[in-house]
Amino acid sequence: MSLRTQEPSAGRRSWLRDHSELGVSGLLLALGVLVLTDALTMDVDLTQRGPVGPRTVPLAVGGGLLLIAVLLAVDVLRGGRGRAEGGEDVDLTEPADWRTVTLLAGIFLGAAVLIEPAGFPVAGALLFWGAAFALGSRRPDRDPLIAAVLSLVTYGVFDKLLGVPLPGGPLMGVL
């Protein structure tokens with residue numbers, strides 16, 4: 001009797017393993033619903049918008065996500081499977097590098113905490129320098145300089161050219 005009770009469970013697990021891409025489809029579906037819900041509940045003043053309003057892109061992206069989710073689910077249910085590219089060099093038998101992941105998470109968190117009091121140029125430089133270190137670069141003569149230049153260029157592009165205000169911090173008067 002125990003063999004009969006285990007067979008449906010094993011069959012279900014096998015079916016789920018063979019159709020694991022449905023999880024990606026479900027994630028895309030949930031993300032599409034979230035984007036569409038957010039776009040449709042957006043408070044928009046019709047007199048201040050141009051020919052293309054602020055809802056246009058989110059509605060297009062949300063609709064696209066829903067369409068891709070449905071098409072992926074149909075493909076998977078018809079027997080389609082994702083295949084690894086021939087050039088992929090990921091060895092799935094190797095364990096994850098949790099040290100690098102933890103370092104990167106800490107660096108991102110630190111940059112998020114520092115962006116208001118220190119400003120984007122300082123927080124961004126620490127972010128870029130820390131990410132380079134976490135990913136294996138060991139050039140103390142070059143990395144801080146590249147990180148500072150990259151952060152200042154990013155600040156300039158966003159704050160000055162695109163008009164997206166970023167906190168300047170103590171360097172506000174200098175920049």
Side-chain angles (χ1 to χ4, degrees), residues 20-45 48-49 52-69 72 82 84-175:
S20 61
E21 289 93 345
L22 288 176
V24 175
S25 179
L27 181 66
L28 290 173
L29 182 73
L31 191 58
V33 168
L34 178 70
V35 169
L36 284 176
T37 303
D38 210 24
L40 292 173
T41 59
M42 189 182 297
D43 190 25
V44 178
D45 185 11
Q48 292 183 349
R49 70 176 184 98
V52 176
R55 288 183 179 171
T56 306
V57 172
L59 287 174
V61 169
L65 285 168
L66 291 180
L67 178 65
I68 296 295
L72 178 62
E85 293 182 16
E88 287 189 26
D89 60 350
V90 177
D91 186 6
L92 297 177
T93 61
E94 290 293 317
D97 184 6
W98 289 108
R99 179 185 177 273
T100 302
V101 172
T102 306
L103 275 173
L104 283 172
I107 291 163
F108 285 130
L109 182 62
V113 168
L114 285 176
I115 198 164
E116 258 325 298
F120 182 83
V122 173
L126 291 173
L127 171 72
F128 295 137
W129 187 14
F133 179 82
L135 294 173
S137 180
R138 299 293 185 263
R139 296 284 308 262
D141 58 329
R142 177 188 70 180
D143 291 346
L145 181 62
I146 292 173
V149 168
L150 188 59
S151 181
L152 288 172
V153 167
T154 304
Y155 176 79
V157 167
F158 277 89
D159 196 61
K160 307 300 181 200
L161 291 178
L162 297 176
V164 177
L166 294 175
L171 299 176
M172 187 60 101
V174 178
L175 300 176

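Hydrogens, waters and symmetry mates play no part in the numbers below; they use all other heavy atoms, side chains included.
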Is the closest side-chain heavy-atom distance between Asp159 and Val164 below 4.5 Å? no

Heavy-atom check, side chain of Leu103 versus side chain of Arg99, under 4.5 Å: yes

Donor-acceptor pair, distance only, cut-off 3.5 Å: does the side chain of Thr154 make one with the backbone of Leu150? yes

When rounded to the nearest 0.5 angstrom, what is the spacing between CG in Leu152 and CZ in Phe120? 9.5 Å

Calculate, to the nearest 0.5 Å, the distance between atoms CZ and OG1 belonging to Arg55 and Thr41 respectively. 8.0 Å

Which residue pairs pass the side-chain hydrogen bond (donor to acceptor under 3.5 Å, both in side chains) test with at least one member in residues 117-137, sequence neighbours excluded? Ser137-Asp143

Would you give the length of the straight line joining atom CG of Leu29 to atom CG of Leu34, rounded to the nearest 0.5 angstrom? 11.5 Å

Return the minimal non-hydrogen interatomic distance between Gly163 and Pro165, and the atom names on each side. O-CD, 3.3 Å

Residue pairs, two or more places apart or on separate chains, that pass salt bridge (Lys or Arg N to Asp or Glu O under 4.0 Å) and touch residues 125-139: Arg139-Asp141

Starting at CG of Leu166, measure out to NZ of Lys160 and round the result to the nearest 0.5 Å. 9.5 Å

Who are the side-chain hydrogen bond (donor to acceptor under 3.5 Å, both in side chains) partners of Thr100, not counting sequence neighbours? Asp97

From the options Leu66, Leu31, Leu65, Val61, select the one residue that forms a side chain to side chain contact (heavy atoms under 4.5 Å, CB included) with Leu36. Leu66

Identify the two heavy atoms, one from Ala39 and one from Pro58, that lie closest to each other, and give their separation to 0.1 Å. CB-CB, 3.5 Å

Run the side-chain contact (heavy atoms from CB on, under 4.5 Å) test against Ser25 and tell me which residues pass, sequence neighbours left out. Ala69, Leu72, Ala73

For Ala111 versus Ala123, what's the shortest heavy-atom pair and its separation? O-CB, 3.8 Å

Non-neighbouring partners of Phe108 that pass side-chain contact (heavy atoms from CB on, under 4.5 Å), sequence neighbours left out: Leu104, Leu127

Over all heavy atoms of both residues, which pair between Ala134 and Ile107 is shortest? Give the atoms and the distance, please. CB-CD1, 4.0 Å

Considering all heavy atoms, the nearest Ala125-Ala148 contact: CB-CA, 4.0 Å

List the residues meeting side-chain contact (heavy atoms from CB on, under 4.5 Å) with Pro117, not counting sequence neighbours, and say none if there are none. none

Minimum side-chain heavy-atom gap Leu59-Leu40 below 4.5 Å: yes

